[in-house]
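For ligands, and for the atoms within them, numbers begin at 1 and follow the listed sequence. Keep in mind the model is a prediction, meaning the values are calculated, not measured.
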Amino acid sequence: MANIFHVMIKTCLICIVFLINYPMPSISVTHTEALLKLKQSFTNAESLDSWKPETDPCDKNSRWIGVICQNQIVRSVLLGRMNLSGNIDVDSLSQLSGLRTLSFRSNLFSGPIPEFNRMGALKGLYLSANQFSGEIPSNYFDKMQSLKKLWLSGNKFTGEIPSSILQLHHLIELHLENNQFSGPIPTLNQSTLLSLDLSNNNLKGEIPESLSRFNASSFKGNAEVCGEKLGKVCDQAPNNSNNNNTTNNKSHGNSNKSISIWVMIASIVLLLVMVVGIYFMCRRQQNRRAAIESFEEPSLGRRISSDSKKSFELSRRGSSIRKGSINGKRVGDLTMVNDDKGEFGLADLMKAAAEVLGNGPLGSSYKALMANGLTVVVKRIKEMNKIGKDGFDAEVRRLGRLRHKNILTLLAYHYRKEEKLFVYEYIPKGSLLFLLHGDRGIPHAELNWPVRLKIVQGIAQGLSYLHTELASDLPHGDLKSSNILINTDHEPILTGYGFYTLINNAHAAQALIAFKSPEAVQNHQVTPKSDVYCLGIVILEILTGKFPSQYLNTGKGGIDIVQWVKSAIAEGREAELYDPDIIASAKNSTSQMKELLHIGAACVESNPQQRINITEVIRRIEEIQQQTGQTIQIIPSLRDGCAEIPVS
Ligand SMILES: Nc1ncnc2c1ncn2[C@@H]1O[C@H](COP(=O)(O)OP(=O)(O)OP(=O)(O)O)[C@@H](O)[C@H]1O
């Protein structure tokens, strides 16, 4: 017993000595303390007067400027345009374990990039428009795997773009413009990337193929960057000067022989050039394909076959196809269901210059420019063997008969057991998703309040048309901002509809947004009411400018827009919700915006019985239009620099 007692005392003593030498790290730092310490590290923090000791940043009465909490946890610290300078106390920031979005944009910070990479859970980092300088270590982003939005534009960063950016698999926005980055453009191949700007740096070399979907403006202002997009052909000719010298030296010793060899080679080359030239002239005359010959993108056939692990026979099968009749008739292996845009066959499609538009949960989409000048989108849908060929044909032909200004009508389809393709007209301005959350250029600036109201109205009208025209009780099924295209008049055009009946059940539950409605989550029931729920999410997305977490299957990223709006309405905080980008254009329309917000909230009512119906939605929107009482005009409200979006 005495021995045991002795051992216990000894153990306690060892513990005490250990604790004295290695004190426990302070785990009791509150978010108030951490933020106040951060404030102390700034040299000019007058703008942070609302950050007061003995108040809680997450208490709604304290109103700490720039601090956003969720469930009493600090989620975002947004300190843009606050005239701040000095050191940024990263130690204090890293005490905020729930922090996901950090912004110091448009301040006066300088020196090397601080060690924000110690905060591995950050999803949004905005440092634009400061004076940060120097090289960013190549492995800087190694431990920032959650990062989705990275804005470093308008600083003085030098050196190569850190290679660890390639490892950011969730990256949505990357803005490095207006710095002094040098070296090659990294081969970023994240399919998540929606917005990219590398302009006005000292980058060089060819624009990687994986970034070909971005506009020239993303790369301009880099004197040594080349690529078709910039109208600057990359010089790929190998440097033969050394070889030539060697050849010349040899030719001195053996001049007669080498002259005749050169003459022979030159003649053969000339002959070859002539043969190739004649061949192309004949082909040009026969096919009148001047447009496509000047376009050097890979063909759709090659795109699709390279995307497929299996051997893909379409290109070969299509090549024998000649012109045929249309209007629901087959043109080769392609069935045209709508000839409004002219006729084409599978061969035309497969030879078209193509680029990948995206890989959504339903499959991949390609943009294809055909020889006749028509640009189409080909959607290749996975797991679509729910119904047999006859049922499939009947269903899809019906989609081809739909006609409404807010509906993108199917043009043609291809059916084989192992391959289904759907062809639509290409809408150049792109999707609402892209306009809202992508490039912050002019198309985004055009989205002022009247335009957004017009877009909501068109979406509701298109949806209502679908509900009457589709077979009884069939929903659109996949109403989300990437399936809402915007034409040049800001008229929304719905796409992505009609797949609900065609794709396999298990896949539908994973891939279609209507399955995110509360009734679908509870009992897998999807009806037109579920579309109204999705419409609600889109309305809230349009009004707030926030990316809804509901669009992501991972459950990570974006903001739970339904909960956020519901609680703000319950607390009478509607005014805090609106996208700052529309405020300027909506000075006298706050009550109309509020009404639209309430319509959105009524759409996301969890009980489908109590949910507003689409006719009522349209009626109430018309009332708002009348009150707004103005014709829709584009009033650009260009913003300066980036605006940070809390990414949760
Ligand atoms: N007809 C079209 N014209 C222009 N852009 C289009 C067209 N159809 C689709 N897109 C755009 O191409 C991209 C990829 O579309 P895709 O439909 O494959 O994916 P998604 O809408 O994200 O998901 P889902 O697979 O659920 O439809 C999206 O940004 C979409 O807005």
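In this structure, a donor-acceptor pair under 3.5 Å is absent between the side chains of Y533 and E519. Between the side chains of E173 and H437, no donor N or O sits under 3.5 Å from an acceptor N or O.
For V377, no nitrogen or oxygen atom sits less than 3.5 Å from a nitrogen or oxygen atom of ligand 1, counting backbone and side chain alike. Taking only nitrogen or oxygen atoms, main chain and side chain alike, T495 does not reach within less than 3.5 Å of ligand 1. In terms of N/O distances under 3.5 Å, ligand 1 is not approached by Y426. Residue S364 has no nitrogen or oxygen atom sitting less than 3.5 Å from a nitrogen or oxygen atom of ligand 1, judged on distance alone. Any N or O atom pair closer than 3.5 Å counts here, and E425 shares at least one such pair with ligand 1. Taking distance alone, with nitrogen or oxygen atoms compared against 3.5 Å, L362 approaches ligand 1 more closely than that limit.
Taking a 4.0 Å cut-off on heavy atoms, P361 registers as neighbouring ligand 1. Distances from ligand 1 to the non-hydrogen atoms of K367 include no value under 4.0 Å.
In K341, the NZ atom is not crowded: 12 or fewer heavy atoms of neighbouring residues, nucleotides or ligands sit closer than 6.0 Å.
Comparing heavy-atom distances from atom 28 (C) of ligand 1 across G363, G358, S482 singles out S482 as nearest.
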